[in-house]
Amino acid sequence: MGRCRTAFNAYSVKFSPFFEGRIAVATAQNFGIIGNGKQYVFEVTPHGAIIEVAQYDTLDGLYDCAWSEANENVLVASSGDGSIKVYDTALPPAANPVRSFKEHRHECCSVAWNTSKRDLFLSSSWDDTIKLWTLQAPASLRTFAGHTYCVYHVAWNPQQPEVFLSASGDTTVRVWDLRQPAPTLVLPAHGFEILTADWCKYNDCLLATGSVDKSIKLWDVRVPNRELLMMMGHSYAVRRVLFSPHSESLLLSCSYDMTVKLWDTASPQAAQGLPLRSWDHHTEFAVGIDFSTLREGLIASAGWDESAWVWDQRGFPSL
Amino acid sequence: GPPPSVAADLAAAGGAAAQLPGGPESWDAIWEHRHGPAAGPGGPAALMRPPSTGWATEFAAAQAPQPPAASWAAEFAASAPAHPVMETTASTWAADFKQEQDQAAATTTATDQQQGQQVTRGSADTRSTSAALAAVLSQASDPKMRNSKFLQFVSKMSKGELILEDNKVVERRPEAASWAAEFGQQQQQQQQQQGNAGPSQWAAEFAGQHREVAGPGPSSAAIGRGGEWVEEFARGVSDLRLDEGLDAATAAQLEAAWRDGEASSWVHEFNKGDEQQFEEWERIYGHGAVDSLLGGGVAAGMGPGAATGEYVFSEQNPFLGDPDALQKGKDLFRRGILSEAALALEAEVRAHPENAEAWRLLGTVHAENDDDRQAIAAMMRAHAADPRDPEVLLALGVSHTNELSQWEAVRHLRSWLAAQPPYSALDAAAGEAPDTSQRLTHVIRLFESAAALAPSDPELHVALGVLHHLGRQYDAAVAAFHRALELRPSDYSLWNKLGATLANNGRSAEALAAYQKALDLKPNYMRAWTNMGISYSNLGDYDRSAAFYVRALSLNAAAEHVWGYLRTALACSGKLELMVAIDNKNLAALQEALPLE
């Protein structure tokens, strides 16, 4: 059980796909409203202590970060001025960021790296678009337009590497395909803004959505007219949902109600709004979550209380 | 045969990704690692991962014919971004407000679109939206929300005491007349003039008024997306009913929330001097935060004493009025019937609240029943009766360690040392650490020098082990507990401490051996049963883990956090049919389904 303190409000925490104990934390000053940003890289030792490995300053706040799936030292961070910074922890701080992609015209609030086509990553923005990037090209490969409001979250489909979803304030989730010019599915999943969505890692037809309406819904893309399940457990907007990399039915969520909840979507309790576990350690909005792929059970959360926590959801023994 | 792997799919589609050695496992590999290879007959058919249906291809084929790929890019570049009014069922004020803003922004030379330039956001628009947000947050029933720094921040913004300027916030002195009250009056006047001005109007009109006063210029016009963060969060917390505007009552609430915020931050400032490093632990666990992370459990169901640290008595107690309650309590404890012992002891202390011995034993019972919160509450009563009782002080040190209250744990362990005649001189001589960040190291060194003086004091080594555990020096902690065990090999609680330390150090198999020794000595030691369950989970043996949790719950069915552990273990092992039994707390059914050999 460990906690990293950050100088600014934490927005996103991501486990490295290469190093078991390594996490990246994106932060923004003044709750992300105005001011600078900082990208952190921490190491969680096997003993549970947390050590800062790197810290990069940015002019504008950072809202999300993602590790490269191709290079163990590289990560990207998305910023309030619309830019995406690229960092290489193997290089000295003065050499960082190694790139800055500036195309989005408003806040860039989500980045996601493709786990199969490992040279590709996506960004989504309050400018209503999603962009596809590769580090090998100086400009975006493609811009996906279609949403009519901010796009808060993008996520690649884990089994179909050309497919991704986007969650937007226009109350739809859209499914896109790199091979197609327009979305292959427009899913009006909620009556209010959808802040987050994620694919099930073991059944690629399933996705979960989280909304300002405080609910989390489970959908099958083949039956888009009606949700499979609605989970009302949070008391404020659901900021992020994330399916487990190790289980078909486990889902993590975090909310402006300051809690992080673990759900078993296959259990009858889920429909009653009862999660498996609920953690209350944040004292401000809980806005970022991640599962470790390398160490089953290890999860992390990031909150506006200037902290990122890492812990094992299966419990801790007592002296 | 087995379903095609993702890699095979990709290769077939001609889009094979570069395989990087040491890179992340594919989902297939993770699945196989977790559930075993997808075998044929007799294999775990239920765990077969559904192969990808390739539905995306079907979807694509079903699309209407699209223009060739190249032209959509040109279309996008040519099209102006459209912002239709959101056709949601409840049109919020924020959506309307956004529309007003966008229309305003579209007519200006938008400075926010130039690279690297920061939007000046110190405008009345931001103030009005932040005021509404602050109003909503301050009305929240959750004290964490009312106490949040975000609310304080937003409140100050709404009063104009924080201005957004040049990529930073600037503080301003509080205005003589509160803006909120002023605005409230203004709005009422407007509504009287215009009849029922729609909810979406007030914000724009107020902004319009101030825009005229301030004159045209970038600060008022170039809002664009600048104010949207507030809308986003307003929608996130508003219950979507922000159309009431600000009346006088809400304005007053806003004032109160700001004052409260001020007061609590003063309190934090006051605390900072001495205990800053550990104060955040207290802030987390003292403000009614309901989940003790090490003993972790579901947020619901916490009793009234949880926030204040007071002991919570059981409602039904067959021992009430029994004059032999204390003796019965002791007997029950010796026989290892912990939950009953607790009831008997509760009866005793309710009749004789000054009985420190009973409170102390009650604390011990709760600790063995894996309830550190009640253990602390009971021990504190014993502590009040005798602040120098070493057993109490040591127990408090351990329980606070489990509850992640590092400062409290160190404080009690140090008191323990100071209360022992052989060590009090050492303690006095050691003084305080140069600063709070070194407090733990300082105290550890003190204890080590005491141990050098008295190598055969088992409790000293126990305390040292706990301190090392706090500092995450697990090897040193294990060594200290080993030394203590050499001196006290039959101390079951010591074996459990050793096991927990090994477990926290990732040595789960050794931890199991230590826990087993504890259980050999005390078969009904509920805490050790729970801890074993946790170690089995960590080893991936969820079935056995669940069986151990069931046994622990059979000893103490009130342990809500263990019900949570059991749920997780069953979810991980796929035994969903038993979730109903958990819901009904049907231990008999669970025992039958999850026997221990």
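Letters A, B, ... are given to chains in the order of the sequence lines, protein chains preceding strands, and every chain is numbered from 1.
When only modelled atom types and interatomic distance are considered, A/Asp60 and A/Asn36 share no side-chain donor-acceptor pair under 3.5 Å.
Residues A/Val163 and A/Trp176 have side chains not in contact (no heavy-atom distance under 4.5 Å, counting atoms from C-beta outward).
Both the backbone and the side chain of B/Thr568 come within less than 4.5 Å of a heavy atom of chain A. In this structure, the portion of A/Asp264 lying under 4.5 Å from any heavy atom of chain B is its side chain and not its backbone. Looking at B/Tyr536, neither its backbone nor its side chain comes within 4.5 Å of chain A, counting heavy atoms on both sides.
Among B/Met532, B/Lys168, B/Arg527, the residue with the largest count of heavy-atom pairs under 4.5 Å with chain A is B/Arg527. The candidate from B/Asp372, B/Asp583, B/Thr501, B/Asn538 with the greatest count of non-hydrogen atom pairs under 4.5 Å with chain A is B/Asn538.
Ring-plane geometry between A/Trp304 and A/Tyr256 is classed as tilted, the angle between the planes lying from 30 to 60 degrees on a 0 to 90 degree scale.
Among A/His104, A/His147, A/His106, the single residue meeting the side-chain hydrogen bond (donor to acceptor under 3.5 Å, both in side chains) criterion with A/Asp127 is A/His104.
A donor-acceptor pair is defined here as one N or O able to donate and one able to accept, closer than 3.5 Å; no such pair exists between the side chain of A/Arg314 and the backbone of B/Ile534.
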